[in-house]
Peer 1: 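First, the structure itself, so that you have it in front of you.
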Protein chains: 2
Amino acid sequence: MKKIINAPEDVVPEQLRGMELARPDLLRYMPEANVLVRADAPVEGKVALVSGGGSGHEPAHGGFVGPGMLDAACAGAVFTSPTPDQMLEATKAVDGGAGVFYVVKNYTGDVLNFEMAGELAQAEGIETDYVVVDDDVAVEDSTYTSGRRGIAGTIFVHKIAGAAAEDGKDLAGVKEIAQRVNANVRSMGMALTSCIPPERGEPIFEIADDEMEIGMGIHGEPGTERKKIEPANSVVDELAAKVLGDDVDFTQGEVAVMVNGLGGTPVMELYIAYAHLADVLKREGVNVYRSFVGEYMTSLEMAGFSITLLRLDDEMKGYLDAPCRVAAGRPF
Amino acid sequence: MKKIINAPEDVVPEQLRGMELARPDLLRYMPEANVLVRADAPVEGKVALVSGGGSGHEPAHGGFVGPGMLDAACAGAVFTSPTPDQMLEATKAVDGGAGVFYVVKNYTGDVLNFEMAGELAQAEGIETDYVVVDDDVAVEDSTYTSGRRGIAGTIFVHKIAGAAAEDGKDLAGVKEIAQRVNANVRSMGMALTSCIPPERGEPIFEIADDEMEIGMGIHGEPGTERKKIEPANSVVDELAAKVLGDDVDFTQGEVAVMVNGLGGTPVMELYIAYAHLADVLKREGVNVYRSFVGEYMTSLEMAGFSITLLRLDDEMKGYLDAPCRVAAGRPF
């Protein structure tokens, strides 16, 4: 296991502390709960957004905490849901009196725990609501999921619902636009390699040196097909066909596009994939409004990528373009 | 070789085209020269900044082209200097009448070719000058280098000299501050794994499953020590001691800090390294002005990282904080 870590059981608190130290202007770390909150939380009168999930998907979710996106991110152990207690602590830390909204990826543990946290918070007088993001078109029902999995499309929910909350929408309004984003966002990924969770110390699945897996989940959940590695363009064709063939008609209006690296894939390869995806979208009559190429929702050091399409309306465009200030990836 | 590519010989033009397609608001691709220029180039009356080098270090350098940083980036083949002809084409494309300034990493091929490009440009009536960045404290004289190698500290030269040019400094003024940044920036890296250049198809060096190399270059040049993997904190201690023990006194004034991922190392591990680096700097009496954690200057899919410290003066701080708009890493 080749990793830049200390004790495997310390990776989560150490990285959260590192984020706070690197961006004290943005982030405050609550070590007792493994939660990162906006440095200026709570923001009075604003609906607060909380997300989170298992660790190992960095920069998700702590990297998206800041003005215009999330108010807090709860970090579970690697690939393990945070607990309701953690979520409750986050909720209390960011509640500004207008309610707290949870953005939950569709994994059974995450959904149950956020639901329980919401009940605990409501018992303490804090209004809560949530959206479950299930953008992965690869498979129905998976290792940790009933229905579709939530993957990189979640970042678009963070951005657009976060901007809506910043803009003053109430809890019902934030929920409505978060659901609208989820209804219009579809993703699918592929992996060339497995990854090694630090405490496990070995790969979460085996894959041969000349093989790839299509439709893989971000915790190594099985995909739709294991086969010999193909050229990038063929892989993009296959992922794009599945995303475009789903129930959202992306030829209507304009779309936001994301090519998301899974952690071990270099920037060069993501842009090679994007080049062909842009050609495919043009050929299929899909109009690209903006595109995002980089690491947003990873799986430790897994090599691979996912593509995400979001069909935009005018309100979503405005919130996508609204200013935000977060740690993820932004160089200056 | 597990890569998301098509033909190995096409990786450079395909990725440059992908960058243009992803960010048409920022970038224009000149396919005949494998050069990315600012979409609005040339900017009349402004000193133009050109950088570049072998490909495989993405997001460097095309990811740093845009208002407030570079006017153009020349992309050689993987780990191979671009040619003087490419550099001349870039120079002519971005010259706005105030001269063109080259930011060159200290590798023999890069330095010779940029010098020759400067002579060719001057023969065509374009004033040029350059700085050679040599921030890597690991070794003197290396595989491709006489003197010290240029690595991630180069990004601070791009940022600060780029902002100075945007601010209206003339060619001599841009050179002066670029030299001042180089005189105050020191870096050192380590690697856990090799990387595989696409056309070569095999690793550039062999390293055992339980070994790391300290002081490795970004093209796999040998470092100072090959040894068993140690905890992250020990590795950070060793790199920081070497950087702090060099000739710049970082306890004076304030410093910018970068923890740079080499391509295959996930975000989690970079923040674990930063957490301890922040502790070391505090203990040593170094005041951190701002920090940057992410991938800035990579080596394909190599696992590893480097640390960079830059001692700032007030003018550098202003230019570090000046707005810029580039593709690298910035999510929204």
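Just so we're on the same page: letters track the sequence lines, and every chain starts at 1.
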Peer 1: Between CD1 of B:I272 and CE of A:M19, what distance do you get to the nearest 0.5 Å?
Peer 2: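 Between atom CD1 of B:I272 and atom CE of A:M19 there are 12.0 Å.
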Peer 1: Could you list the residues that satisfy side chain to side chain contact (heavy atoms under 4.5 Å, CB included) with B:D210, not counting sequence neighbours?
Peer 2: B:A208, B:K228
Peer 1: What residues, two or more places apart in sequence or in another chain, satisfy side chain to side chain contact (heavy atoms under 4.5 Å, CB included) together with B:A163?
Peer 2: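 Result, side chain to side chain contact (heavy atoms under 4.5 Å, CB included) vs B:A163: B:K159, B:Y319, B:A322.
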Peer 1: Using a cut-off of under 4.5 Å for heavy-atom pairs, which of A:P231, A:P323, A:A303, A:A7 has the most such pairs with chain B?
Peer 2: A:P231
Peer 1: When you measure from the side chain of A:K2 to the backbone N and O of B:E211, does any donor-acceptor pair fall under 3.5 Å?
Peer 2: yes
Peer 1: Kindly write out the residues that satisfy side chain to side chain contact (heavy atoms under 4.5 Å, CB included) with B:A256, not counting sequence neighbours, or none if the list is empty.
Peer 2: B:F156, B:F292, B:L310, B:L312, B:L320
Peer 1: Count the heavy-atom pairs under 4.5 Å between each of A:A232, A:A273, A:G294, A:S299 and chain B, then report the option with the highest count.
Peer 2: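 Most heavy-atom pairs under 4.5 Å with chain B: A:A232.
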Peer 1: Heavy-atom pairs under 4.5 Å with chain B are the metric here; pick the option from A:E58, A:H57, A:E230, A:E20 that has the most.
Peer 2: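 Heavy-atom pair counts peak at A:E58.
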Peer 1: Below 4.5 Å from any heavy atom of chain B, which atoms of A:L300 appear? Answer side chain, backbone, both or neither.
Peer 2: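 Answer is both: backbone and side chain atoms of A:L300 are under 4.5 Å from chain B.
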Peer 1: Given side chain to side chain contact (heavy atoms under 4.5 Å, CB included), test A:V78 with B:M268 step by step and report yes or no.
Peer 2: CA-CA 11 Å; A:V78 171; B:M268 169 190 275; 4.0 Å; yes
Peer 1: Would you say B:N6's side chain and A:N233's backbone share a donor-acceptor pair under 3.5 angstrom?
Peer 2: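 Yes; at least one donor-acceptor contact below 3.5 Å.
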Peer 1: Shorter than 4.5 Å, heavy atoms on both sides: which option in A:D321, A:L16, A:D209, A:V259 has the most such pairs with chain B?
Peer 2: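 Sorted descending by pairs with chain B, the first entry is A:D209.
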Peer 1: In this structure, which one of B:E301, B:M302, B:E295 forms a side-chain contact (heavy atoms from CB on, under 4.5 Å) with A:P266?
Peer 2: B:E301
Peer 1: Out of B:M212, B:M190, B:R17, return the one with the most heavy atom pairs under 4.5 angstrom to chain A.
Peer 2: B:R17
Peer 1: Donor-acceptor pair, B:E269 side chain versus A:I4 backbone, under 3.5 Å?
Peer 2: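 Confirmed, B:E269 side chain pairs with A:I4 backbone.
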Peer 1: Quick check: closest heavy atoms across B:Y271 and A:A22, and the distance to 0.1 Å?
Peer 2: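 B:Y271 and A:A22 have their closest heavy atoms at CE2-CB, 3.9 Å.
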Peer 1: Counting heavy-atom pairs under 4.5 Å to chain B, which of A:V236, A:L277, A:D279 comes out on top?
Peer 2: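 Answer, by heavy-atom pair count under 4.5 Å with chain B: A:D279.
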Peer 1: Sort by residue number and list every member of residues 193-201 of chain B having a non-hydrogen atom under 4.5 Å from chain A.
Peer 2: B:T193
Peer 1: Using non-hydrogen atoms and a 4.5 Å limit, figure out which bit of B:V235 sits close to chain A: side chain, backbone, both or neither.
Peer 2: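 Neither the backbone nor the side chain of B:V235 comes within 4.5 Å of chain A.
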Peer 1: Between CG of B:L21 and NE2 of A:H276, what distance do you get to the nearest 0.5 Å?
Peer 2: 12.0 Å
Peer 1: For A:E14 versus B:A275, what's the shortest heavy-atom pair and its separation?
Peer 2: O-CB, 3.6 Å
Peer 1: Within a radius of less than 6.0 Å around NZ of B:K282, do more than 12 heavy atoms belonging to other residues, nucleotides or ligands occur?
Peer 2: no
Peer 1: How long is the gap from CG on B:D25 to CZ on A:R290, to the nearest 0.5 Å?
Peer 2: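 Separation between the atoms: 8.0 Å.
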